[in-house]
Amino acid sequence: MITEDMVREGIRNGSVRFVKDPNMDHGTVCQIGDNWFYFGHLKAEELDPDEYVKATPEADVVGLICNTLDEFRKSGETFEDEYAYYEAYLNEQRAKAIPTLKERDKRLERLWAEFGDVPMNPETEEIEAQFLCFPAGTNREEVWEWFDERYSRGVAKLLLVGEPKDREVAQALFLTSLCCECDSEHCVFNPDGICKAPFVTGRAPGLNDDGCTDYCYKEAE
């Protein structure tokens, strides 16, 4: 079934288009794939595509298209094949519009490279020019967090290819991510309930069914 979300996404990714009425010198029709249909009543008939899109809120356009398609669906055999075509086409284009993890990471890596060219105050660590949705004055850690939430291998991996100072930060972030809660009261690597062995071994704690291979007894003070 064709939903409003499918139509809305189709408009935004270009699989739902608005073209001039092929039967007239003016007016707007909706084109999905190779087929087109009337949908917008008198207003669409009077305005050319660019004018219609500017004059009509997206929500209204989506609603009109969905209403027309729903009429096709309910009409039985008359428009059955046409509706099935639109549904299959929108689903296919919708799937293509979702980037693979590899494609998304590549885009994020390009953005990360661009971020490296953004001027930054070395004392405050705030960017001095707008970057994406971040205005000048944003602390770089806020931008790092944005990348960390989206890049599959985390911001620490991105930082490893940066400046020496950033690589040091990345190493610290990586080792911190390996640390885990520990309830041992007598291990030298557990000063406050968190195992800090990774900062010595460079790897995750060696946990197994018998305990921890990195356990190091701490003499009582």
Side-chain angles (χ1 to χ4, degrees), residues 1-115 117-118 129-136 138 142-143 145-155 158:
M1 183 175 175
I2 300 173
T3 65
E4 288 192 356
D5 283 342
M6 291 170 66
V7 173
R8 187 178 298 106
E9 289 177 25
I11 293 173
R12 295 175 182 178
N13 67 33
S15 55
V16 175
R17 301 170 53 225
F18 303 102
V19 299
K20 186 174 291 188
D21 184 347
N23 297 326
M24 304 285 287
D25 293 331
H26 59 82
T28 299
V29 297
C30 178
Q31 180 172 341
I32 299 177
D34 295 326
N35 295 347
W36 61 270
F37 54 89
Y38 295 103
F39 74 99
H41 307 306
L42 184 61
K43 187 175 183 180
E45 293 175 11
E46 294 177 341
L47 300 176
D48 284 341
D50 289 344
E51 297 172 327
Y52 180 78
V53 171
K54 290 180 181 178
T56 313
E58 182 184 67
D60 292 348
V61 177
V62 170
L64 288 167
I65 293 173
C66 283
N67 288 341
T68 303
L69 291 173
D70 202 45
E71 290 174 6
F72 289 173
R73 182 178 63 84
K74 294 176 180 177
S75 66
E77 295 182 2
T78 307
F79 292 99
E80 183 178 1
D81 290 343
E82 186 171 356
Y83 181 87
Y85 170 80
Y86 292 140
E87 184 177 21
Y89 183 84
L90 288 174
N91 277 323
E92 179 184 359
Q93 298 304 310
R94 195 182 194 192
K96 288 181 179 179
I98 300 174
T100 64
L101 194 60
K102 184 177 180 180
E103 290 170 338
R104 189 185 66 180
D105 278 355
K106 285 292 184 184
R107 288 166 58 184
L108 287 167
E109 287 166 4
R110 288 194 293 270
L111 288 172
W112 180 261
E114 293 178 17
F115 178 53
D117 295 329
V118 176
Q130 171 127 3
F131 174 70
L132 298 179
C133 58
F134 300 100
T138 301
E142 187 175 338
V143 184
E145 183 178 348
W146 184 88
F147 277 101
D148 192 55
E149 291 172 347
R150 289 162 176 79
Y151 190 63
S152 67
R153 290 176 285 180
V155 72
L158 291 170

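All values reported here derive from a predicted model rather than from experimental measurement.
Judged by distance alone, with hydrogens and angles left aside, the side-chain atoms of K43 form a donor-acceptor pair with the main-chain N or O of A55 at under 3.5 Å. Within the 3.5 Å criterion, the main-chain N or O of R150 finds a donor-acceptor partner in the side chain of R104. Remark: the backbone N or O of L132 is paired with a side-chain donor or acceptor of Q130 at under 3.5 angstrom. Without hydrogens or angle criteria, D148 side chain to V155 main chain gives a donor-acceptor distance under 3.5 Å. When atom types are taken as modelled, the side chain of T68 and the backbone of L64 share a donor-acceptor pair closer than 3.5 angstrom.
Ion pair E80/K74 not flagged as a salt bridge, since none of the NZ, NE, NH1 or NH2 atoms sits closer than 4.0 Å to an Asp/Glu carboxylate oxygen. Salt bridge present: K96 and E92 bring a charged side-chain N and a carboxylate O closer than 4.0 Å. A salt bridge is defined here as a Lys NZ or Arg NE, NH1 or NH2 lying under 4.0 Å from an Asp or Glu carboxylate O, and E58 with R12 meets this definition.
Expressed to the nearest 0.5 Å, how far CG of L101 lies from CZ of R153 amounts to 9.0 Å. For the atom pair SG of C30 and OH of Y52, the computed distance is 9.5 Å after rounding to the nearest 0.5 Å. For the atom pair OH (Y151) and CH2 (W146), the distance works out to 13.0 Å, reported to the nearest 0.5 Å. Here M6 contributes atom CE and L90 contributes atom CG; the two are 5.0 Å apart, rounded to the nearest 0.5 Å. Atom CE of residue M1 and atom CG of residue L69 lie 10.0 Å apart, to the nearest 0.5 angstrom. To the nearest 0.5 Å, atom NZ of residue K106 and atom CZ of residue R110 are 8.5 Å apart.
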Review point. Are F37 and F79 close enough, and set up right, to give a side chain to side chain contact (heavy atoms under 4.5 Å, CB included), and what steps lead you there?
Key: CA-CA 11 Å; F37 54 89; F79 292 99; over 6 Å; no
Practice item. May I have the step-by-step check of side chain to side chain contact (heavy atoms under 4.5 Å, CB included) for V53 and V61, ending in yes or no? Key: CA-CA 8 Å; V53 171; V61 177; over 6 Å; no
Practice item. Tell me, with the steps shown, if N35 and Y89 meet side chain to side chain contact (heavy atoms under 4.5 Å, CB included). Key: CA-CA 10 Å; N35 295 347; Y89 183 84; over 6 Å; no
Point to revise | CA sep, side-chain torsions, deciding dist, call: E51, D48, side chain to side chain contact (heavy atoms under 4.5 Å, CB included) | key: CA-CA 5 Å; E51 297 172 327; D48 284 341; 3.8 Å; yes
Practice item. Before giving the answer on salt bridge (Lys or Arg N to Asp or Glu O under 4.0 Å), spell out for R73 and D70 the whole-Å C-alpha distance, their side-chain angles and the decisive distance to 0.1 Å. Key: CA-CA 5 Å; R73 182 178 63 84; D70 202 45; 2.7 Å; yes
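Aromatic ring centroids of F39 and F72 lie 6.0 Å or more apart.
Scanning all heavy atoms of the two residues, the minimum distance from P49 to G27 falls at CD-O, 4.0 Å. Shown here for V118 and A129, the closest heavy-atom pair between the two residues is CG1-O, 3.8 Å. Across all their heavy atoms, Q93 and N13 have their closest contact at O-ND2, 4.2 Å.
Every side-chain contact (heavy atoms from CB on, under 4.5 Å) that E4 has, sequence neighbours left out, goes to R8, V62, C66. The side-chain contact (heavy atoms from CB on, under 4.5 Å) check on E46 picks up L42, with sequence neighbours excluded. Judged as a side-chain contact (heavy atoms from CB on, under 4.5 Å), and not counting sequence neighbours, the contacts of P57 are D60.
Residues E103 and T100 form a side-chain contact, since some pair of their non-hydrogen atoms from C-beta on lies under 4.5 Å apart. Between Y85 and D34, the closest side-chain pair of non-hydrogen atoms falls below 4.5 Å. Using a 4.5 Å heavy-atom cutoff, the side chains of E45 and D21 are not in contact. The shortest distance between side-chain heavy atoms of D50 and F18 does not fall below 4.5 Å.
Considering I2, V7, V16 in turn, V16 is the only one that fulfils the side-chain contact (heavy atoms from CB on, under 4.5 Å) rule with I32.
Ring planes of Y38 and W36: perpendicular class, angle over 60° (limits at 30 and 60°). Relative orientation of the F115 and F147 rings is tilted, given thresholds of 30° and 60° on the angle between their planes.
The closest side-chain donor-acceptor pair between Y83 and E87, if any, does not fall under 3.5 angstrom. Side chain to side chain, T3 and D5 fail the donor-acceptor criterion of an N or O pair below 3.5 Å.
Annotation for D25: atom CG does not count as buried by contact number, only 12 or fewer foreign heavy atoms lying within 6.0 Å.
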